[in-house]
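In what follows, a structure is listed as C-alpha cells, so that the remarks can point back to it.
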Amino acid sequence: MAVRLCDVASLLRSGSWAPEPWTGQVIAAMETQLSNGPTCNNTSNGPSTMSNNCSSPVESGSIEDSKTNLIVNYLPQNMTQEELKSLFGSIGEIESCKLVRDKITGQSLGYGFVNYVDPKDAEKAINTLNGLRLQTKTIKVSYARPSSASIRDANLYVSGLPKTMTQKELEQLFSQYGRIITSRILVDQVTGVSRGVGFIRFDRRVEAEEAIKGLNCQKPPGATEPITVKFANNPSQKTSQALLSQLYQSPNRRYPGPLAQQAQRFRLDNLLNMAYGVKSRFSPMAIDGVTSLAGINIPGHAGTGWCIFVYNLAPDADESILWQMFGPFGAVTNVKVIRDFNTNKCKGFGFVTMTNYDEAAVAIASLNGYRLGDRVLQVSFKTNKTHKA
DNA sequence: TCATATT
C-alpha cells in the first residue's frame with residue numbers, strides 16, 4: 001500500500017494543520033490511532049505451532065488455514081459482517097468472512113473471522129489493520145488459531161491483585177503455567193488506577209486449570225493478600241441475562257425517539273457553526289447543516305447512510321487511508337477510492353459512507369482542509385450535482 | 001464479583 005500509517009501520523013504532528021479547540025479530543029483520538037500503527041498490540045496470537053511441532057505436518061489444510069485465516073478482535077458493537085468484509089476486502093480477495101454473534105440475541109460478540117484467498121493478503125491485513133481505531137475501539141488483527149475444544153474456556157478472572165501490579169507483572173506471574181493469549185487489568189475510569197481485578201486468557205484450557213491450582217488463594221511475590229483465580233464468566237450467558245432483564249425494562253427507554261435525535265442534531269449544528277465562526281472561513285458544511293435542519297434536500301443522504309465526498313487524494317491512495325481517517329469518528333459502513341480503469345491509480349477522489357449524521361458531520365468538519373502529504377483534502381457531504389473544478 | 005478472543 002502506498003500511504004503508511006506512520007506517514008500519516010507524522011503528517012498529523014507536522015503542525016501544518018492546526019485543529020480547532022473543540023475538535024481537539026477527536027483529533028487526539030486520531031493521532032493515537034494513527035501513531036499506534038500495526039504493532040501496537042503486545043500480546044501475540046500467532047499460529048499455534050507448539051502443539052504440532054513434529055517433523056511431518058499433521059494436516060496441510062490446518063497449516064494453510066493458519067496463514068490465511070484471521071481473527072479480528074475488539075470490533076465496535078454496531079459493526080456488521082458486511083462492514084467487516086468491506087474493511088478487510090480493501091486489502092485483498094476474501095474467501096469467507098464471519099462476524100460472531102450471540103446465538104440468542106443476535107448481538108455482535110465483538111469479534112469475527114476473515115479468511116483470505118492469498119496468505120500474502122492476510123499478512124498485509126495484519127500489518128495494515130491491526131491497531132486501527134474504529135470509534136472507541138482499537139481493533140486487533142491476528143492469525144486465528146486452529147479451532148478446537150482445547151482452546152475454549154481458557155479465560156481466567158483474577159481478583160484481589162495488588163493495586164500496584166502492572167499488566168506485565170501479571171503476565172509474568174501467570175506465564176509459568178502456559179502461553180498467554182491476552183491479559184488485562186481493569187482500571188478505574190476516572191483515576192486510571194488499578195481496580196485489582198483482571199483477566200488472563202491462556203492458549204489452552206488445561207493451562208488455565210493449572211494456573212488456578214497453582215495461584216488461587218496464593219500471595220503474589222511481595223503481596224500482603226492472596227489473590228482469587230477462577231474461570232471467567234461465559235459471555236454468552238451474560239447476554240442471555242441481559243435479554244431477560246430487558247424484558248422488564250420499559251419499552252420506550254430502549255431506543256432514543258426522533259425528538260432526542262433532533263435535539264442532538266441541534267446541538268451538533270450549533271457546534272459546527274461555532275467552529276466555522278472560529279475558522280472565519282466559509283464552508284459548504286454550514287449550508288448542509290441548515291438544510292438538514294429544515295429537512296429539505298439533504299445532501300449526501302442515500303438512505304443507507306451519509307455519503308461523504310473526499311477530494312484531492314493522491315494517485316496512490318487506497319481504501320485503508322479512508323478507514324484510518326474516518327473510522328475514529330464513528331460507524332463507517334463503506335469506503336471507496338475511485339480509480340482510473342487503465343492505470344488503476346486513484347483519480348483524486350473517493351467516498352465514505354457513515355451511518356450517523358452527527359458523526360459524519362464531525363468527521364467532515366474535522367477532515368475538511370486536512371493536509372494529507374502535500375495535498376489539502378476537501379471533504380463534504382456528497383451532492384447530486386457533478387463536481388466542477 | 002467480570003471486558004467481551006475461536007466460527
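We name chains A, B, ... by the order of the sequence lines, and we start the count at 1 in each one.
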TODO: Calculate the interatomic distance between Ile200(A) atom CD1 and dA5(B) atom P; express it in whole Å.
DONE: 14 Å

Open item on the list: I need the CZ-P distance between Arg204(A) and dT6(B), as an integer number of Å.
Closed with: 16 Å

Open item on the list: How many whole angstroms separate atom OH of Tyr116(A) from atom C1' of dT7(B)?
Closed with: 17 Å

Task: Pairs involving residues 343-353 of chain A, ordered by first then second residue, that meet side-chain hydrogen bond (donor to acceptor under 3.5 Å, both in side chains) (sequence neighbours left out) - done: Asp340(A)-Thr343(A)

TODO: Output every pair passing ring-ring contact (aromatic ring centres under 6.0 Å, His included) with a member in residues 92-141 of chain A, not counting sequence neighbours, ordered by first then second residue.
DONE: none

- [ ] Round to a whole Å and report the spacing from CD1 of Ile227(A) to P of dT1(B).
- [x] 16 Å

Task: From dT6(B), dA5(B), dA3(B), nucleotide with atom closest to Arg184(A) side chain - done: dA3(B)

- [ ] Output all residues satisfying ring-ring contact (aromatic ring centres under 6.0 Å, His included) with Phe231(A), sequence neighbours left out; order by chain, then residue number.
- [x] none

TODO: Using the ring-ring contact (aromatic ring centres under 6.0 Å, His included) rule, collect all pairs that involve residues 81-106 of chain A, keeping only residues at least two apart or in two chains.
DONE: none

- [ ] Go through the structure and list residues passing side-chain contact (heavy atoms from CB on, under 4.5 Å) with Ser96(A), not counting sequence neighbours.
- [x] Asn115(A)

Open item on the list: Counting the benzene-type ring for Trp, do Tyr357(A) and Phe381(A) have ring centres under 6.0 Å apart?
Closed with: yes

Open item on the list: Go nucleotide by nucleotide along DNA chain B from the 5' end; which of Gln77(A) and Phe113(A) gets its closest nucleotide reached first?
Closed with: Gln77(A)

Open item on the list: Within residues 147-161 of chain A, which residues have any heavy atom lying less than 4.0 Å from an atom of DNA chain B?
Closed with: Ser147(A), Ile151(A), Arg152(A), Asn155(A), Tyr157(A)

- [ ] Give one of base, sugar-phosphate or nothing for Lys137(A), where a contact means two heavy atoms less than 4.0 Å apart.
- [x] sugar-phosphate

- [ ] May I ask you to verify whether the side chain of Asn233(A) and the base of dT1(B) hold a donor-acceptor pair under 3.5 Å?
- [x] no

Open item on the list: In this structure, how many angstroms lie between the C1' atom of dT6(B) and the CD1 atom of Ile71(A), rounded?
Closed with: 5 Å

Open item on the list: Restricting to side-chain contact (heavy atoms from CB on, under 4.5 Å), what partner residues turn up for Ser175(A), sequence neighbours left out?
Closed with: Ile180(A)

Task: Value in whole Å for how far the C1' atom of dC2(B) lies from CZ of Phe199(A) - done: 4 Å

Task: Asn234(A) CG to dA5(B) P, straight-line distance once rounded to whole Å - done: 12 Å

- [ ] Find the distance Leu75(A):CG to dT6(B):P and express it as a whole number of Å.
- [x] 13 Å

Task: Residues Ser183(A) and Gln167(A): side-chain donor-acceptor under 3.5 angstrom - done: yes

Pairs of donor and acceptor atoms involving the side chains of residues 186-199 of chain A, under 3.5 Å and at least two apart or interchain, shall be tabulated with distances.
from: Asp188(A); atom 1: OD1; to: Val190(A); atom 2: N; distance (Å): 2.8
from: Asp188(A); atom 1: OD1; to: Thr191(A); atom 2: N; distance (Å): 2.9
from: Thr191(A); atom 1: OG1; to: Val193(A); atom 2: N; distance (Å): 3.2
from: Ser194(A); atom 1: OG; to: Gly196(A); atom 2: N; distance (Å): 2.9

Open item on the list: With a cut-off of less than 4.0 Å, is there a side-chain N or O of Arg195(A) near OP1 or OP2 of dT1(B)?
Closed with: no

Open item on the list: Below the 4.0 Å mark, does dT7(B) have OP1 or OP2 next to a side-chain nitrogen or oxygen of Tyr111(A)?
Closed with: no

Task: Contacting residues from residues 89-101 of chain A, given that a heavy atom lies under 4.0 angstrom of DNA chain B - done: Lys98(A)

